[in-house]
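Along the sequence shown, residues are numbered consecutively beginning with 1.
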Amino acid sequence: MLVFLLDRGSRCHGMGLCRRQPAGLNDDNDEDGGDARSEGYFDDVAEQVEPYGSISEEDDLRGSSPSMRFSKACLKNVFTVVLIFIYLLLTAVAVFLAYQTISEFLEKLNHPVMSVTYKEVDSFSPPGIALYPGKAKLLSCKHHYHDYIPPLVDPGKPQKGDCKTREVTYIGPFTNETKKTALVVRGPSDVRNKELIFMQFSHNETEEDFSAITYMLFAKFSDLTGSANESEFMRDCERNYSMWTFSGGFRTWVKMSLVRTSGKKDEAVEFRQESAVVKFNDKRPESERTNQLFFAVFEWRDPYMQEIRLIVTANPWSSVAILCGVFMALFKAANFAKLTIQWIIRMRKRHLRNKAREMNPITDN
């Protein structure tokens, strides 16, 4: 029986079928086959450990994913805030540009710029010189040339003149039922030859402390002669033109310049003047000096007529172009905001979907 068991054990050992034998039967075989058994054992253990090792790596990744997701969500939120801030900034800039453009257009429209040009002429249209002498009398009125005025002969006495005059009586525009009498003189026209008009007046009443003669200049003497109603014409002139004066006992030299102003609707004409006053050396006898004398000289200052045009620098087309650009910027900003909102909604849906997906395995278990 013992021989059979030994023979069987030797045959199993020879065939390599029985690696594991009961302890105590063959210690030598245990010592000799220890390395082979350990190699097979650790191979099996390695095969069994590998899948558990892979599961542990996934668990490690899952354990680290919340921090990564938190950082991604934080970046997304920061990016969203930056996008909204950019949208608000673009909108504010576009609104400011629109307001600034409209304000500048209205400012330029209400405050036109003056364009001043000078036109050289050989002669002017003879202006009208309206004088209001009152109780003073016109002694003489003569045309002279080249700034030459001959010495006075018999001052204070009437002399021959060559001026064209017209007397007009009308009711003043600023006083009720007050009649005014104007002596209108045809002014000089030849500016190249320095044509001038020299006039003398005398005033017998000397009870007044101050004495002066008021005068007014208007554009054309022919406008008065060609008007249907001279009184109404003089009323309109006094309403629209300025009044000046020259005093007795002096020679007042008036140099005129014509200014034409073209406004938005109509054209206005006005006179600018430079005056110089020279004292009259009265050589008359003492008995005749009670009659106060007035001297006035009217002349054109230079051959240049000043033209002033009111120009509106506000160009509606440029303003419309700027506004179109502003509205395009607003449209782009609105489209940008729309895409931002859609992106936020999409990211929110994705976050909710991932969260639901994480919650499903927990509910299944």
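For the pair F201 and L293, the minimum side-chain heavy-atom distance is 4.5 Å or more. A 4.5 Å side-chain heavy-atom check between I308 and S115 finds every atom pair outside the cut-off. At least one side-chain heavy atom of Q306 sits under 4.5 Å from a side-chain heavy atom of V116. The shortest side-chain heavy-atom distance between E307 and S262 does not fall under the 4.5 Å cut-off. Looking only at side-chain heavy atoms (C-beta outward), L352 and N354 stay at 4.5 Å or farther from each other. Side-chain contact check for K142 versus I197: every heavy-atom pair is 4.5 Å or farther apart. Residues I149 and R251 form a side-chain contact, since some pair of their non-hydrogen atoms from C-beta on lies under 4.5 Å apart. No side-chain heavy atom of P133 sits under 4.5 Å from any side-chain heavy atom of L138.
The environment of CZ in R239 is crowded: more than 12 heavy-atom neighbours from other residues, nucleotides or ligands sit within 6.0 Å. No more than 12 heavy atoms of other residues, nucleotides or ligands sit less than 6.0 Å from atom CZ of R309.
With rounding to the nearest 0.5 Å, the separation of CG in D282 from CG in L152 is 10.0 Å. Residue Q292 holds its CD atom at 10.0 Å from OG of S202, rounded to the nearest 0.5 Å. Once rounded to the nearest 0.5 Å, the distance linking CG of N193 with NE2 of H143 reads 13.5 Å. Here the straight-line distance linking atom CG of D147 with atom NZ of K194 works out to 5.0 Å at 0.5 Å rounding. Here the OG atom belonging to S242 is positioned 11.0 Å from the CZ atom belonging to R272, to the nearest 0.5 angstrom. For the atom pair CE of M305 and CG of L258, the computed distance is 6.0 Å after rounding to the nearest 0.5 Å.
Residues Y304 and L196 are members of separate hydrophobic clusters, defined by side-chain heavy-atom contacts under 4.5 angstrom among Ile, Leu, Val, Met, Phe, Trp and Tyr. Linking ILVMFWY side-chain heavy atoms closer than 4.5 Å, directly or via other members, places F271 and L183 in a single hydrophobic cluster. Hydrophobic clustering keeps V254 apart from F198 (ILVMFWY residues linked when any side-chain heavy atoms are closer than 4.5 Å, directly or through intermediates). Y215 and V278 are members of different hydrophobic clusters when ILVMFWY side chains are connected at heavy-atom separations under 4.5 Å. In the hydrophobic cluster analysis, where Ile, Leu, Val, Met, Phe, Trp and Tyr join through side-chain heavy atoms closer than 4.5 angstrom, F250 is grouped apart from I213.
For N291 (side chain) and H203 (main-chain N/O), a donor-acceptor pair under 3.5 Å exists by modelled atom type. For S189 (side chain) and S125 (main-chain N/O), no donor-acceptor pair under 3.5 Å exists by modelled atom type. Judged purely by atom type and a 3.5 angstrom limit, N229 uses its side chain to pair as donor or acceptor with the backbone of E232. At distances below 3.5 Å, not a single donor-acceptor pair connects side-chain atoms of R186 with backbone N or O atoms of R166. In terms of modelled atom types and a separation under 3.5 Å, the side chain of S211 and the main chain of G248 share no donor-acceptor contact.
Aromatic pair F218/F233: centroids less than 6.0 angstrom apart. Aromatic pair F246/F295: centroids not less than 6.0 angstrom apart.
Side chains of Y170 and E238: a donor-acceptor N/O pair is present below 3.5 angstrom, by distance only.
A parallel orientation is assigned to the rings of F124 and W300, their planes being inclined by less than 30° (bins at 30° and 60°).
Residues R284 and R289 come closest through the heavy atom pair O-NE, 3.0 Å. Residue V184 comes nearest to G128 through the heavy atom pair CG1-CA, 4.5 Å, listed as atom of the first residue, atom of the second, then distance. For the residue pair T252 and S247, the shortest heavy atom distance occurs at OG1-N, 4.3 Å.
Geometric assessment of K180 against the ring of Y132 yields a positive cation-pi assignment under the 6.0 Å and 45° thresholds.
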**OP:** Before giving the answer on side-chain hydrogen bond (donor to acceptor under 3.5 Å, both in side chains), spell out for H144 and E195 the whole-Å C-alpha distance, their side-chain angles and the decisive distance to 0.1 Å.
**Re:** CA-CA 6 Å; H144 299 283; E195 180 186 3; over 6 Å; no
Subject >> Residues T169, S231; criterion side chain to side chain contact (heavy atoms under 4.5 Å, CB included); working and verdict >> reply: CA-CA 6 Å; T169 302; S231 299; 5.8 Å; no
Original post:
What do the steps show when you test M234 against M216 for side chain to side chain contact (heavy atoms under 4.5 Å, CB included), and what is the final call?
Top reply: CA-CA 10 Å; M234 291 303 300; M216 177 182 64; 3.8 Å; yes
Original post:
Could you walk me through whether W253 and E299 pass the side chain to side chain contact (heavy atoms under 4.5 Å, CB included) check?
Top reply: CA-CA 8 Å; W253 196 302; E299 181 188 7; 3.0 Å; yes
Original post:
Would I129 and L217 satisfy side chain to side chain contact (heavy atoms under 4.5 Å, CB included), going step by step from the backbone distance to the final call?
Top reply: CA-CA 5 Å; I129 304 173; L217 302 174; 3.7 Å; yes
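No salt bridge links E270 with R260; every basic N to acidic carboxylate O contact stays at or beyond 4.0 Å. We find that R192 and D122 are joined by a salt bridge, their nearest charged nitrogen and carboxylate oxygen being less than 4.0 Å apart. Under 4.0 Å is where a charged nitrogen must lie from a carboxylate oxygen, and between R301 and E274 at least one such pair does.
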